[in-house]
Engineer: 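Input: one structure, supplied below.
In what follows, chains are A, B, ... by sequence order, proteins preceding strands, each numbered from 1.
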Amino acid sequence: MKTGSMIFSFLQVPRCRIHSLANNWGETFRNFNNTCEKNFSIRPLGSRIYGLQGGHRKKWTRRPITTDTEEGGGTKSRSTKPEILSETISISSTINVNKTQLGQLQEVQHCNIQEIAQNKDLSSLVTVIVFDIETTGFSRENDRTIEIALRDLQGGPNSTFQTLVNPQRDVTNSAIHGITTQMVNKPGIPRMEDLVPILFHYVQSREKPGGYVLWVAHNARVFDVPFIINELRRCSRQIPPNWLFVDTLPLARELMKSGGTKLSATSLVALREFYKIEVEGTAHRAMVDVNTLSLILPRLTCDLKLTLSGLVEKSFREVDIINSKKKKKNSD
DNA sequence: TGCCAGGCCCTCTTTAGGGCCTT
């Protein structure tokens with residue numbers, strides 16, 4: 001067994017001006033749970049909601065093996081009361097990459113979505129993670145990821161994960177997201193191959209025993225998921241078979257088509273304006289967009305009367321993308 | 001030389017084309 005260890009200080013962000021988000025978050029999920037069916041039991045985010053802006057203050061450091069988890073290790077307990085947090089925080093997690101464990105994970109058979117969706121105890125099996133990536137462009141072949149952020153909607157300690165990624169090439173679309181070549185092309189920023197085992201380990205730590213991870217992103221089917229698949233392939237890795245994906249873009253289309261709403265477009269911005277969601281920070285930074293979508297998701301699913309089971313039924317797997325590609329290739 | 005992303009959806013369509021959506 002080979003174990004690689006690394007310290008990942010992936011957040012050094014100002015925890016400030018998030019009071020409204022903290023309130024919205026709890027309120028959103030309370031309303032959502034009250035309105036929707038009981039089996040969609042996402043808990044309100046508890047005590048720790050981290051700053052949403054600090055893109056320029058994020059810092060990756062690689063250090064000798066130690067653990068310093070302010071939020072998650074349980075060594076330091078904090079109030080669960082949402083509060084305005086002004087100090088800069090640093091979260092570190094010891095990442096022990098156990099290749100045997102990861103190998104076992106990949107041996108799990110590809111899941112049957114219908115069977116999962118019909119599980120009576122679905123909420124105890126599914127971890128819902130909203131995620132977003134920033135990239136150097138739209139091409140999954142030629143472009144690279146430069147930032148990744150995700151939020152486990154269960155909330156609680158260490159419910160967010162965010163880092164810049166070194167693409168080992170110039171960033172030519174800084175005007176879109178504000179991430180420059182100088183910010184990511186330096187030794188302190190992890191390359192994708194460094195990040196993947198850490199990310200897998202983090203996600204594994206959020207999974208429920210024998211459960212599934214439901215990844216949610218806007219335009220996930222066409223952009224984020226194929227992009228991630230290609231990134232993993234370049235690292236000789238695969239999507240774990242217990243990962244499912246939900247694309248909120250078709251959900252938005254469904255809502256728009258259903259009529260009775262003033263939703264006029266299906267972009268993330270249009271949805272944010274439609275639901276009157278205010279989020280601190282600049283759009284097109286990964287964590288800001290994650291927070292936006294995290295607030296949109298419960299409202300969107302509620303409007304569509306979608307339970308967790310319904311959401312799982314609308315999910316897709318890596319193999320579905322591969323199969324649809326093959327299908328298209330054969331029909332061309 | 002020409003292309004330079006790709007899939008979904010709509011319609012003035014289906015033997016197609018263009019807009020939307022993601023960075």
Engineer: For A:Trp243 and A:Leu214: C-alpha separation, side-chain torsions, deciding distance, then whether side chain to side chain contact (heavy atoms under 4.5 Å, CB included) applies.
Structural biologist: CA-CA 6 Å; A:Trp243 288 12; A:Leu214 192 64; over 6 Å; no
Engineer: Take atom P in B:dT15 and the same atom in B:dC20, then report the distance between them in whole Å.
Structural biologist: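 It works out to 25 Å between them.
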Engineer: Rounded to whole Å, how long is the line connecting atom NZ of A:Lys314 with atom P of B:dC8?
Structural biologist: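 Atom NZ in A:Lys314 sits about 15 Å away from atom P in B:dC8.
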Engineer: Sorted by first residue and then second, give each salt bridge (Lys or Arg N to Asp or Glu O under 4.0 Å) pair with at least one member in residues 169-187 of chain A; sequence neighbours left out.
Structural biologist: none
Engineer: Distances under 3.5 Å between protein N/O atoms and the N/O atoms of nucleotides 17-23 of chain B, please, pair by pair.
Structural biologist:
{"from": "B:dC21", "atom 1": "OP1", "to": "A:Thr266", "atom 2": "N", "distance (Å)": "2.5"}
{"from": "B:dC21", "atom 1": "OP1", "to": "A:Thr266", "atom 2": "OG1", "distance (Å)": "2.8"}
{"from": "B:dC21", "atom 1": "OP1", "to": "A:Ser267", "atom 2": "N", "distance (Å)": "3.2"}
{"from": "B:dC21", "atom 1": "O2", "to": "A:Asn219", "atom 2": "ND2", "distance (Å)": "3.1"}
{"from": "B:dT22", "atom 1": "OP1", "to": "A:Leu268", "atom 2": "N", "distance (Å)": "2.6"}
{"from": "B:dT22", "atom 1": "O4'", "to": "A:Asn219", "atom 2": "ND2", "distance (Å)": "2.9"}
{"from": "B:dT23", "atom 1": "OP1", "to": "A:Asp132", "atom 2": "OD1", "distance (Å)": "3.4"}
{"from": "B:dT23", "atom 1": "OP2", "to": "A:His284", "atom 2": "ND1", "distance (Å)": "3.1"}
{"from": "B:dT23", "atom 1": "O3'", "to": "A:Glu134", "atom 2": "OE1", "distance (Å)": "2.5"}
{"from": "B:dT23", "atom 1": "O3'", "to": "A:Thr135", "atom 2": "N", "distance (Å)": "2.8"}
{"from": "B:dT23", "atom 1": "O2", "to": "A:Asn173", "atom 2": "ND2", "distance (Å)": "3.3"}

Engineer: Side chain of A:Asn291, backbone of A:Val288: donor and acceptor closer than 3.5 Å?
Structural biologist: no
Engineer: Identify each atom pair where a protein N or O and an N or O of nucleotides 2-4 of chain B are less than 3.5 Å apart, giving names and distance.
Structural biologist:
none

Engineer: With rounding to the closest Å, how many angstrom separate the P atoms on B:dC3 and B:dC21?
Structural biologist: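 Approximately 26 Å lies between the P atom of B:dC3 and that of B:dC21.
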Engineer: Quote, to the nearest angstrom, the C1' distance that separates B:dT14 from B:dC8.
Structural biologist: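 Taking atom C1' in both B:dT14 and B:dC8, they lie 16 Å apart.
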Engineer: May I have all residue pairs that pass ring pair (Phe, Tyr, Trp, His ring centres under 6.0 Å) and include part of residues 287-322 of chain A, sequence neighbours excluded?
Structural biologist: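 Of all non-adjacent pairs touching residues 287-322 of chain A, those that pass ring pair (Phe, Tyr, Trp, His ring centres under 6.0 Å) are A:Phe245-A:Phe316.
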Engineer: For the side chain of A:Asp247 and the backbone of A:Ala220, is there at least one donor-acceptor N/O pair under 3.5 Å apart?
Structural biologist: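 Side chain of A:Asp247 to backbone of A:Ala220: a pair is present.
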Engineer: If the P atom of B:dG17 is compared with that of B:dT1, how far apart are they to the nearest Å?
Structural biologist: 26 Å
Engineer: Salt-bridged, A:Glu147 to A:Arg285, with N to O below 4.0 Å?
Structural biologist: yes
Engineer: Please verify the inter-ring angle class for A:Trp215 with A:Phe131; under 30° counts as parallel, over 60° as perpendicular, anything in between as tilted.
Structural biologist: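 It falls in the perpendicular class, over 60°.
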Engineer: Between A:Phe227 (CZ) and B:dA5 (P), how many Å, whole number?
Structural biologist: 12 Å
Engineer: Give me the distance, rounded to whole Å, that separates B:dG18 from B:dC12 when you measure between the P atoms they each carry.
Structural biologist: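 Taking atom P in both B:dG18 and B:dC12, they lie 15 Å apart.
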Engineer: I'd like to check the side-chain hydrogen bond (donor to acceptor under 3.5 Å, both in side chains) partners of A:His177; sequence neighbours left out, ordered by chain and number.
Structural biologist: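 With sequence neighbours excluded, A:His177 shows a side-chain hydrogen bond (donor to acceptor under 3.5 Å, both in side chains) to A:Asn173, given in chain and number order.
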Engineer: Could you give all pairs that pass the side chain to side chain donor-acceptor pair (under 3.5 Å) test and reach residues 249-274 of chain A, with sequence neighbours left out?
Structural biologist: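 Sorted pair list: A:Glu254-A:Lys314.
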Engineer: How far, in whole Å, is B:dG2 from B:dG19 if one measures between their C1' atoms?
Structural biologist: 24 Å
